[in-house]
Enquirer: 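Please see the structure below; I have some questions.
Just follow the structure's listing: the first ligand is 1, and inside any ligand the first atom is 1. In this chain, numbering begins with 1 at the start of the sequence shown.
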Amino acid sequence: MAEGPQLRTAIPGPNAQKVVARDTAALVRTTKCAPVVAASAQGVYVTDVDGNRLLDFASGVSVVNTGHRHPKVLAAIRAQLDQFVHVEGQDFYYDVQVRLAERLAELAPLEAPAKSFFSNSGTEANEAAIKLARWSSGRPRLLAFLGAFHGRTLGALALTASKPVHQAKVGPTIPGVHHVPFADCYRCPYKLDPSDCGTYCADVIEEQYFLRNLPPAEVAACFFEPVQGEGGYVVPPAEFVRKLSRLCHDNGILLVADEVQSGMGRTGKLFAMEHFGIKPDIVTLAKSLGSGLPIGATLARKGLDFGVSGAHSNTFGGNPVACASALATLDVLQQEDLIGNAARMGTYLHQRLLELQQRHEPIGDVRGMGLMQAIDIVKDRTSRAPNGPLAYAIVDAAISKGLLLLSCGPSAIRVIPPLLITSEQIDAGIEVLDAAIVQAIRASP
Ligand SMILES: Cc1ncc(COP(=O)(O)O)c(C=O)c1O
């Protein structure tokens, strides 16, 4: 909840007399994690109410892939505002929504003709996927992974398993969800060596879970993130994803790729699952689809549909202004080569983070795909034990020095600038991150 108009960013800036500093920050922290009060934003920068310009390596949690206020996205939004803002897109037709559905169907690596259901957020996109999977398969159970984040409404929350705080005191969620360990090769849940484990984490689903308490013929869908996001930016090996895809196919289980965070060019391809060469049955999108306007999409392959009017619907999904923004977002990503830039700059960023790792012992791991990168902060490199407090201290120090960052998982810091970032801007961010790490290590107990 916002605390009121007197709030000021806790960073000394040109208007330092306005800064209420850490008291306000502490208050804000009861529900928010960063003491920044935004006033405006452009490109890769956010300016706060005190006039501080912050370099944005958080992208509004992977939302502004096209950068803040991209002129083509703003123009599309303005043009749609001049046409109409709402007539309700589930009962009536309008061109901009149909064009977006067609465009997504063309681009998504699904069996054609893919269909889209539009909503307002990632959690809603996953709710629709849960219902669609159960409806079309007639099966009740769902498979998901430890470390997953699929949203916070009670259906999607049932699939979410990244932090206990998400589940605490609000359960029970929907029944029928089974979680199994994910392919986390940095901290293998089975304590195996990834170089010769034969991706046991995929085999174990069939060899143990399916044989002991999860009848595969009752499983409607398996939900997975091609790169686990909130769980700590965990990149699974391609072999794991391919085995999972085969396992689902062989058992008539629908594979749902949640690309809410990893999609829309972030990993250097439009959809992260393209890196693995698999075709899921359902894809969910949100976050950067609308470049900041709320829109979620559930894309389903041929043959998957409710087929009955009213079985699933909403009021605001596929709002024309959000659809216009999404179409412009796709144009910008493709026409301005932002996806290619994400691949190139991702390689550069990864390299720069590896250099930081050489200088700073607490950086246990550097991982990611494209511009979906993270560093993992550990107590020591042998145990790889997460050092959450130090990770949070580094994020705090970076923000106070003008670099927006967000943590994820037990001890990772994500580094996710807008996809139009340049190597010079990456260098500037790395310099601040370097200084923030030094400061946080010095201050740590
Ligand atoms: C992979 C993934 N799925 C779903 C969600 C939920 O999206 P929203 O916050 O828009 O409901 C998130 C949000 O972080 C996410 O990262």
Enquirer: What about F182 and F240, are their ring centers closer than 6.0 Å?
Expert: yes
Enquirer: My understanding is that we take every heavy atom of each candidate and find the minimum distance to atom 11 (O) of ligand 1. Doing that for T123, V61, L159, which one comes out nearest?
Expert: T123
Enquirer: Just need the protein heavy atom nearest to atom 9 (O) of ligand 1, so name the residue and atom and give the distance.
Expert: K287 NZ, 4.8 Å
Enquirer: Does anything in residues 275-302 form a salt bridge (charged side-chain N to carboxylate O under 4.0 Å, His left out)? List the pairs, not counting sequence neighbours.
Expert: D281-R301
Enquirer: To the nearest 0.5 Å, tell me how far H249 NE2 sits from I278 CD1.
Expert: 12.5 Å
Enquirer: Does only the side chain of H150 get under 4.0 Å from ligand 1, or the backbone, or both, or neither? Count heavy atoms.
Expert: backbone
Enquirer: Would G122 count as being in polar contact with ligand 1, using the rule that some N or O on each side must be under 3.5 angstrom apart?
Expert: yes
Enquirer: Ring centres under 6.0 Å, that's the criterion: do F117 and F306 meet it?
Expert: no
Enquirer: Just verifying a value: how many Å separate H360 NE2 and L356 CG, rounded to the nearest 0.5 Å?
Expert: 5.5 Å
Enquirer: Quick check: does any side chain N or O of R141 sit under 3.5 Å from a backbone N or O of E218, one acting as donor and the other as acceptor?
Expert: no
Enquirer: Need the ligand 1 atom indices (1-based, order shown) with element for anything under 4.0 Å from a heavy-atom of N126.
Expert: 3 (N), 4 (C)
Enquirer: For atom 16 (O) of ligand 1, what's the nearest protein heavy atom and its distance?
Expert: Q261 NE2, 2.8 Å
Enquirer: Does D258, backbone or side chain, put an N or O under 3.5 Å from an N or O of ligand 1?
Expert: yes
Enquirer: Report, in ascending order of atom number, the atoms of ligand 1 lying under 4.0 Å from any heavy atom of E225.
Expert: 1 (C)
Enquirer: For ligand 1, indicate whether the residue E230 contacts it via side chain, backbone, both or neither (heavy-atom separation under 4.0 Å).
Expert: side chain
